[in-house]
Each structure stands twice: as structure tokens, then as C-alpha cells.
Amino acid sequence: MQKAKFQSFFSSEAIKIVARMNLSWRAIGVAIFCLILVACTTDAEEEFDAESVCPAEGMNAYGMPNRGTFIDERDGQEYKYTTIGNQVWMAQNLNYKTSYSMENDSIVNCLDCGLFYGIAGNLPSRDMIDSVCPQGWRVPTEKDWNILLDTIGRVSEALEVLLSETWSDNKEFQGSNQCGFSLKESGYIKKDKKETYYGDYGSFMWTQTMSRPYYILNVFFYASDNNSKGIKFQEDFGPEYKYFSLRCIKN
């Protein structure tokens, strides 16, 4: 009889323990699932941290305030600049007049669109690469642009962060401009022997990088009314003169 009671007691206690163990494992499983879900949600909803990537206050590696202005001694023009990561970029398009620059007459109310610089037959002019930027600044390379985009993060995030709050007349596609880069939709110019064509969408920026003989890379920022948005590198070649905007980077 005592043996039977013992067996009965053992069996009931064992069942309770197993039940508690099952409950514990279930609880552990649920907890792990919740942690994974929270981690994924946090990553997805994590906002761009301008204070760590491109703070407006403080000093950069050049001993300059992170954001400010400088004077182009060649013509006395004043330009804004901004620090993003370890790079210092002009926060306006270059507006220095040369023998290979033009103004985009189709752009209205664009104080920072600057001039457009042409490369005959897409062969990069050494004059442009070596001397078009103010002293202490240079035409950026493909690598410079890639470092900028990597510093900002995902391409979709980079697009929003770099675009001005007044990117274009289409209010649906304005940027946050959190890094003070202030990029605007400045368009482009194509010119051949017959006519000059003004494009009024996107923003095209020269690099000094040749992707292959006779091809030079430019960076194309676009955000149009058909929900097409992005940043991509393009190579251009052709008999016509192509005029794009230019941002200089600190040496």
C-alpha cells in the first residue's frame, strides 16, 4: 500500500514538474521570439542619427567649424560647406565662370544651382579637374561619392538626407537635408551643333573618374512624380557637349 501511494505521488509530482518545464520552455521560446521581433522592428524603424554622422556643431578634422562658409578668392564668391563623416563638401553647387561653363536657363528660383560645366566629347578637361574648384578643394572622384553614401547609410536614406527641403517644385518629394548638403533638382544641359537642350529633372554631378577610355562617370540623383527615386552612377559618351553641375570636396 505504501509503495502504491509512493508511486502515485511520484507520478503526480513528475507530471507537475514536466508541465512546469514545458511551460518554462514555452515561455523561453516566446521570450526569444519577442526579442528577435523587437530587434528587427528596431532596425527597421531606426532613424538616421545626424548628430553622430554630420553634427552641425563642433569642429572637423581640418580645424574648421562643421558647417560654415568660405570665400573663393578668385572671384570673391561665398560658399556654404558641411562636414559629413570625415569629409567636407561644398553645400552649394559651384558657380565659377569658365570657358566651359553655362547657365541652365530653364531653372527658376534656384539660388544654389550654380553653373553647369561641359566636357567636350566626354573627355575630361585637365583644366576642369585641376583648377575649376577653389584653392584647397577638388573635383570629387567616384570613391569620394561612395564614401559619402556609405557614411549616410542606405541609398533610400541617403537620398532623403542629402536632398534640400526645397529639392524641387514638386512638394511631394522634398528632402530632410539633415546634413546640410542642400542638394536641389538642377537638371542638365546637352548641346550639339544644332541646338541646346535643357533638362529639368534630377541632379547630375560630375566626378573626375574615368570608368573606361572616353567615358567619365557622373552621379545622378533623382526623385520624380512616378515614384522613381534613387542615386546611381552613370557613364556618358557622345558627340554632344554635356553640361552637369559640380560639387567640390575639401582636399
Side-chain angles (χ1 to χ4, degrees), residues 48 50 52-56 58-75 77-98 100-101 112-119 124-153 155 157-164 167 175 177-186 188 202-211 216-221 231-236 243-251:
F48 175 75
S52 62
V53 176
C54 52
M59 305 291 284
N60 59 37
Y62 295 86
M64 308 157 57
N66 283 336
R67 298 186 192 178
T69 62
F70 71 95
I71 301 294
D72 185 347
E73 295 179 355
R74 299 172 298 182
D75 58 8
Q77 288 194 73
E78 184 177 56
Y79 293 98
K80 296 177 183 178
Y81 71 83
T82 185
T83 304
I84 303 175
N86 294 321
Q87 297 177 315
V88 179
W89 289 83
M90 286 176 56
Q92 297 171 237
N93 294 351
L94 188 66
N95 195 47
Y96 180 65
K97 188 172 292 187
T98 72
Y100 45 86
S101 63
D112 299 322
C113 286
L115 293 172
F116 293 71
Y117 298 86
I119 297 180
S125 162
R126 293 313 308 179
D127 288 339
M128 175 183 132
I129 292 175
D130 294 337
S131 64
V132 68
C133 289
Q135 185 176 1
W137 301 74
R138 59 179 170 79
V139 177
T141 63
E142 177 191 12
K143 182 179 179 180
D144 292 325
W145 281 105
N146 274 318
I147 290 174
L148 174 65
L149 299 181
D150 289 342
T151 300
I152 297 299
V155 170
E157 197 168 61
L159 183 68
E160 180 183 352
V161 168
L162 297 177
L163 298 192
S164 169
W167 156 253
N177 199 32
Q178 294 178 68
C179 286
F181 196 74
S182 303
L183 190 64
K184 296 187 177 181
E185 188 173 42
S186 54
Y188 63 94
S203 183
F204 299 79
M205 296 282 168
W206 283 121
T207 78
Q208 60 165 282
T209 300
M210 298 291 293
S211 56
I216 187 167
L217 286 176
N218 64 79
V219 188
F220 177 36
F221 296 80
I231 305 169
K232 62 183 178 181
F233 289 92
Q234 301 182 140
E235 54 180 17
D236 280 287
Y243 292 77
F244 295 155
S245 300
L246 188 60
R247 284 287 177 101
C248 301
I249 186 172
K250 187 75 174 163
N251 280 336

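All values reported here derive from a predicted model rather than from experimental measurement.
- Between the side chains of Glu78 and Thr69, a donor-acceptor pair is found at a separation under 3.5 Å.
- Side-chain rings of Phe221 and Trp167 stay apart, their centers remaining 6.0 Å or farther from each other.
- A salt bridge links Arg138 and Asp144; the closest N-O separation between the charged side-chain nitrogens and carboxylate oxygens is under 4.0 Å.
- Side-chain contact between Asn95 and Tyr79: present, with at least one pair of heavy atoms (C-beta onward) separated by less than 4.5 Å.
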side-chain contact (heavy atoms from CB on, under 4.5 Å) evaluation trace for Tyr117 with Leu94: CA-CA 9 Å; Tyr117 298 86; Leu94 188 66; 3.4 Å; yes
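- Under the 4.5 Å side-chain criterion, counting only non-hydrogen atoms from C-beta, Phe48 is in contact with Cys54.
- Looking only at distances, no side-chain donor or acceptor of Glu235 sits under 3.5 Å from a matching main-chain atom of Leu217.
- Aromatic pair Phe204/Phe244: ring centres closer than 6.0 Å.
- Side-chain N or O atoms of Glu142 include none that pairs as donor or acceptor with a backbone N or O of Thr209 at under 3.5 Å.
- Applying the side chain to side chain donor-acceptor pair (under 3.5 Å) test to Asn177 and every residue at least two apart in sequence or in another chain returns Glu165, Ser182.
- At distances below 3.5 Å, not a single donor-acceptor pair connects side-chain atoms of Thr82 with backbone N or O atoms of Ala91.
- Atom CD1 in Ile84 sits 11.5 Å away from atom CG in Asn60 (nearest 0.5 Å).
- Counting only heavy atoms from C-beta outward, the side chains of Met59 and Thr83 never approach each other to under 4.5 Å.
- Side-chain contact between Tyr100 and Val132 is present, with at least one heavy-atom pair separated by less than 4.5 Å.
- In this structure, Phe181 and Trp89 have perpendicular ring planes: the angle between them is above 60°, well past the 30° mark.
- Side-chain atoms of Gln77 do not come within 3.5 Å of backbone N or O of Asp72 as any donor-acceptor pair.
- Counting only distance, with no hydrogens or angles, the side chain of Ser101 and the backbone of Leu115 share no donor-acceptor pair below 3.5 Å.
- Counted within 6.0 Å of CG on Asn86, heavy atoms from surrounding residues, nucleotides or ligands total 12 or fewer; the atom is thus considered open.
- When side chains are defined from C-beta on, Met64 counts as touching Tyr81, because their heavy atoms get closer than 4.5 Å.
- Taking the side chain as every heavy atom from C-beta outward, Ile71 and Pro134 never approach each other to under 4.5 Å.
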